[in-house]
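Take a look at the structure below.
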Amino acid sequence: MDKKIAFLGTPNFAVPILKSIHQSNYKISCVFSQPPRKSNRGHKLNKSPIHLLSEELGIQIKTPENIEKEIDYIKSLNLDLVIVVAYGQILSKDILSLSKNGFINIHASLLPKWRGAAPIQRSLINMDKITGLSIMKINPKLDEGPVCNKYPLDILENENAKSLADRLSNLAAEKILPNIENILQQTANFEEQDSSTATYAKKIQKIEGKINWNDGADEILAKINGLYPQPGAWFSFENDRHKILRATLSKTTTRPGEIIDDELTISCGNKSIKVTEIQREGKKPQKIRDFLLGSKLKKGIILKNE
RNA sequence: CGCGGGGUGGAGCAGCCUGGUAGCUCGCAAGGCUCAUAACCUUGAGGUCGGCGGUUCAAAUCCGUCCCCCGCAA
């Protein structure tokens, strides 16, 4: 009855899920994660969140540049099941054959909607009212495998990507356990996706964060929330990038980009947004009150779309 | 050795290039005005200008070095 499970994952989103499985009765034979990358200021080598967690929990961790090279090792593990959460490497047919019950992926959308890299951000930018999780079996194509369970989750008013990711991640941590049970018992029911209704969540490009004040306020707010905290939605003023971290809707409209009052309410193409938290280039995030004390962004200034 | 910005009373900033009295907005304290107030007026407290060293008659300001924070890019 001692089933052997492996876990493949990399970013923070996967952390609560690995924790949950670890705390349950299942035994994790090995964790795979992306190798430490040179990143951030100074290009230091940083281990992935899952890498760090595995070390902390004392689980065997492997971080191959290419998982294909570990194929013999994986075979030797004699795995019953593999859980994949945002691992970041393509899994070949050869790899996928090395688990008795397949490779199970948790995807942060209601498939076949938002297949691909950035489902959470895309659902927010698209102003969806609802999203969720899909538990699916990986096949060699991108997020196209058969689904055994979906868990819808309402998107809250003015919710941002971090909050939504946290909620989905926690939901996944909870729901993965009964699914593992069902799959190991062979009682899970997998259904093919209806690919004719599929949509794709393209990877986020940094340039998408640039705000166009001619857009409607709802749209701009969706961008601010969908790109929070990385890469963030921003505008330029006096050559400084100003990243808007949080904002609320406001009704007044004047000229697009015009600062309407002394509290940094900015008119959009339709309605306006009131900035409540902002981060200037090279500065820490600031509540709008603090930011305004020493700021030149006063009523009447018109922000340009550049 | 990836590129770059910053550290100035409690908060957010200006001053630095072109050395020579510590400035602005806010907060705080006291007083005044007011039916009253987060509004307005007056006064006040509070700063080793990130640390150390150097140049100079004189350093927030110029030079060197160290510490800390952040943005970009990957």
Side-chain angles (χ1 to χ4, degrees), chain A residues 8-15 32-52 63-67 85-90 116-122 125 160-163 165 201-213 220-221 223-248 250 252 257-266 273-306:
Chain A
L8 316 194
T10 298
N12 274 318
F13 183 81
V15 164
F32 284 81
S33 191
Q34 291 279 46
R37 303 275 187 215
K38 286 185 179 179
S39 63
N40 294 324
R41 213 171 300 129
H43 275 188
K44 289 178 202 129
L45 220 50
N46 290 307
K47 294 177 181 175
S48 79
I50 284 295
H51 186 161
L52 292 170
T63 60
E65 277 294 336
N66 186 340
I67 195 167
V85 184
Y87 175 47
Q89 286 191 31
I90 305 285
I120 297 172
Q121 287 96 325
R122 291 295 170 202
I125 293 171
N160 63 44
K162 182 177 190 322
S163 152
K202 276 184 301 181
K203 199 175 159 186
I204 301 289
Q205 306 230 284
K206 307 240 179 193
I207 192 69
E208 292 180 58
K210 188 160 83 173
I211 292 173
N212 180 341
W213 295 110
I220 290 174
L221 191 58
K223 184 182 272 188
I224 290 167
N225 286 328
L227 299 182
Y228 178 91
Q230 292 294 334
W234 49 271
F235 63 87
S236 284
F237 177 68
E238 293 187 336
N239 285 325
D240 274 345
R241 184 176 291 203
H242 291 63
K243 186 152 80 178
I244 300 180
L245 301 177
R246 295 175 199 274
T248 55
S250 180
T252 324
E258 178 170 8
I259 299 175
I260 297 172
D261 60 18
D262 288 321
E263 299 181 304
L264 206 52
T265 301
I266 306 170
I273 58 166
K274 186 177 189 315
V275 179
T276 57
E277 197 174 336
I278 191 167
Q279 181 170 22
R280 187 149 69 101
E281 186 173 327
K283 295 294 198 174
K284 293 182 182 178
Q286 294 177 316
K287 295 291 181 193
I288 195 60
R289 202 173 134 80
D290 289 337
F291 171 79
L292 286 170
L293 288 172
S295 171
K296 294 177 197 159
L297 282 170
K298 299 294 184 196
K299 181 178 177 178
I301 288 173
I302 296 185
L303 300 170
K304 295 171 190 148
N305 296 322
E306 58 186 28

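In what follows, every chain begins at residue 1, and chains take the letters A, B, ... in the order their sequences are listed.
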Nearest 0.5 Å please: distance from the CD1 atom of A:I266 over to the CD1 atom of A:I220. 8.5 Å
Atom pair distance, as rounded to whole Å: [atom1] in [X] and [atom2] in [N]:
| X | N | atom1 | atom2 | result |
| --- | --- | --- | --- | --- |
| A:K287 | B:U25 | NZ | C1' | 20 Å |
| A:K210 | B:C72 | NZ | C1' | 15 Å |
| A:K243 | B:C70 | NZ | C1' | 10 Å |
| A:K284 | B:C13 | NZ | C1' | 15 Å |
| A:R37 | B:A73 | CZ | P | 19 Å |
| A:Q205 | B:C72 | CD | C1' | 16 Å |
| A:I278 | B:C13 | CD1 | C1' | 15 Å |
| A:Q230 | B:C72 | CD | C1' | 11 Å |

Pick the [atom1] atom in [N] and in [M], then give their distance to the nearest Å.
| N | M | atom1 | answer |
| --- | --- | --- | --- |
| B:A59 | B:C17 | P | 14 Å |
| B:A11 | B:C28 | C1' | 11 Å |
| B:U25 | B:G64 | C1' | 36 Å |
| B:U37 | B:G27 | P | 16 Å |
| B:C1 | B:U48 | P | 41 Å |
| B:G20 | B:G5 | C1' | 29 Å |
| B:C24 | B:G19 | C1' | 22 Å |
| B:A58 | B:A14 | P | 30 Å |

Is there a Watson-Crick or G-U wobble partner for [N] with both distances under 3.5 Å, and which nucleotide is it?
| N | answer |
| --- | --- |
| B:C52 | B:G64 |
| B:C72 | B:G2 |
| B:C13 | B:G23 |
| B:A29 | B:U43 |

Could you please name the option among [options] that lies closest to any side-chain atom of [X]?
| X | options | answer |
| --- | --- | --- |
| A:R280 | B:C13, B:A74, B:C70 | B:C13 |
| A:E281 | B:C69, B:C26, B:G71 | B:G71 |
| A:L293 | B:A73, B:C26, B:C69 | B:C26 |
| A:D290 | B:C70, B:G12, B:C72 | B:G12 |
| A:R289 | B:G2, B:C26, B:C70 | B:C26 |
| A:Q279 | B:C70, B:A73, B:C26 | B:C70 |

Strictly below 4.0 Å, N to O, side chains only: are A:E208 and A:K203 in salt-bridge contact? no
So that I can tick it off, tell me whether A:R241 and A:E281 are bridged by a salt bridge, with the cut-off set at under 4.0 angstrom between side-chain N and carboxylate O. no
Examine [N]: is either OP1 or OP2 under 4.0 Å from a nitrogen or oxygen in the side chain of [X]? Give yes or no.
| X | N | value |
| --- | --- | --- |
| A:Q286 | B:C13 | yes |
| A:R41 | B:G71 | yes |
| A:K283 | B:C13 | yes |
| A:K296 | B:C13 | no |

With nearest nucleotide decided by heavy atoms, which residue, A:L292 or A:K298, maps closer to the 5′ end of RNA chain B? A:L292
Starting from the 5' end of RNA chain B, give me the residue, A:G42 or A:G294, whose nearest nucleotide shows up first. A:G42
With no hydrogens and no angle check, just 3.5 Å: does a side-chain donor-acceptor pair link A:S250 and A:T265? no
Using only heavy-atom distances, determine whether the side chains of A:Q34 and A:Q89 contain a donor-acceptor pair under 3.5 Å. yes
Base, sugar-phosphate alone, or nothing: which one does A:N40 contact when heavy atoms must sit under 4.0 Å apart? base
Stepwise, does the side-chain contact (heavy atoms from CB on, under 4.5 Å) test hold for A:K210 with A:F235? CA-CA 6 Å; A:K210 188 160 83 173; A:F235 63 87; over 6 Å; no
May I ask you to check if A:R280 and A:F291 form a cation-pi contact, with NZ or CZ under 6.0 angstrom from the six-membered ring centre and within 45° of the axis? no
